[in-house]
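Convention: sequence-line order gives letters A, B, ...; per-chain numbering from 1.
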Amino acid sequence: MPELPEVETVRRALTPVMTGATITKADIRRPNLRWDLAPDLAARLEGQNIVDVTRRAKIIQVWLAQDVMLIHLGMSGSIRISDHAPNGRAHDHIEWQVSQEGVKHWITFNDPRRFGYVDILRRADHDSHPSLAALGPEPLSDAFSEAYLEDKLQGKTVPIKSFLLDQRQIAGLGNIYVCEALFRAGISPRRRADTVIGKRARRLLPSIRDVLEAAIAQGGTSLRDHRQPDGKLGYFVQSLDVYGREGAPCHRCATPIKAIRQSGRSSFYCPLCQR
DNA sequence: CTCCTGACCTGAGTGC
DNA sequence: TGCACTCAGGTCAGGA
């Protein structure tokens, strides 16, 4: 579910509530999500002060004095912030209680499909964590440059769609925003990555940045599960050009949007605008 | 190495 | 209503 813009939306909502607060309680309601949870997760969290809340790719990082907690929302994960003890809903797997200057908040991790995970590790081990070590650059950072992209595209025979989904190349894109970025860049998802050169390559990078920034500004895209932590929808769904629009007219040329399957995932594109 | 498929899970939607 | 089937914002192990 949540790609970079949705996760960033969650991070921005968590920051004022968590940063500087103390975790007064961590209620772990099942032993595993995607993987087994650390058996000492609650013990390592309770009583700790939260120093910072950051994001890397689709992962939220909650920094404590000695440890860092990683939260990945998988396909169907979401986080709610409440100013009173919430009524438990189905699939509320973890609930944190935080307190700051006497003000309490309850933060709930809900994930029906349990493809998400929560992990805790020593800060010193952060960079070598399996889900972080191999990640490519953040698309909104300077590390993601034309030179970088050109270099990585070289020799890649996979479709550009698969290349952009590969978190080792660029971190944080998922199915929606890859489709949308390729539409904005006028590149067919079927095109071999190593043939994205020249004009196409130069359009790709700003297309990725623009679509991510626009989506963050709208609170992400709510299709099924995604909600902002205050329960509001993400409104970027109204700005989608191709994702989920099979048969509907292209916003640029009115040709019906086409849907195909590539390595098990749906791709949506305009067969006329995207070559 | 690179690339592709299937598996992990639940719930919503569709068609009979 | 019920049932069978398909599909879904992600990733990872295993095999070609």
Novice: Counting only side-chain nitrogens and oxygens, does K58(A) get under 4.0 Å of the OP1 or OP2 atom of dG10(C)?
Specialist: yes
Novice: How long is the line joining CZ of R190(A) and P of dC3(B), in whole Å?
Specialist: 18 Å
Novice: Hey, what are the protein-to-nucleotides 14-16 of chain C N/O distances that come in under 3.5 Å?
Specialist:
none

Novice: I want to check something: taking the side chain as every heavy atom from C-beta on, are K25(A) and W96(A) in contact at a cut-off of under 4.5 Å?
Specialist: no
Novice: Quick check on side-chain contact (heavy atoms from CB on, under 4.5 Å): which of K161(A), E180(A), Q262(A) does N175(A) satisfy it with?
Specialist: K161(A)
Novice: Test question: given the 4.5 Å side-chain rule for I, L, V, M, F, W and Y, name all other residues clustered with I197(A), or answer none.
Specialist: none
Novice: dT6(C) and dG6(B): how far apart are their P atoms, nearest whole angstrom?
Specialist: 13 Å
Novice: Mind checking the C1' distance from dA12(B) to dT11(C)? Whole angstroms is fine.
Specialist: 23 Å
Novice: Classify every nucleotide of nucleotides 6-13 of chain B by which part a protein heavy atom approaches to under 4.0 Å, writing B for the base, S for the sugar-phosphate alone and - for neither, in 5'-to-3' order.
Specialist: --BBBS--
Novice: Can you see whether S99(A) engages K104(A) through a side-chain donor-acceptor pair at a distance of less than 3.5 angstrom?
Specialist: no
Novice: Exactly one of H126(A), R55(A), R56(A) should register a side chain to side chain donor-acceptor pair (under 3.5 Å) with Q61(A). Which one does?
Specialist: H126(A)
Novice: Find the runs of at least 3 consecutive base pairs, i with j, i+1 with j-1 and so on, that include DNA chain C, using Watson-Crick or G-U wobble geometry with both distances under 3.5 Å.
Specialist: B:2-8 with C:10-16, B:10-16 with C:2-8
Novice: Under a 4.0 Å heavy-atom cut-off, which of residues 157-173 of chain A touch DNA chain B?
Specialist: T157(A), V158(A)
Novice: Strictly by modelled atom types, are Q228(A) and T9(A) linked by a side-chain donor-acceptor pair under 3.5 Å?
Specialist: no
Novice: Could R202(A) and E146(A) be called an ion pair, given the rule that one side-chain N must be under 4.0 Å from one carboxylate O?
Specialist: no
Novice: May I have the distance from N175(A) (atom CG) to dG10(C) (atom P), rounded to whole angstrom?
Specialist: 6 Å
Novice: If you take any heavy atom closer than 4.0 Å to DNA chain C, which residues from residues 256-267 of chain A end up in contact?
Specialist: R261(A), R265(A), S266(A)
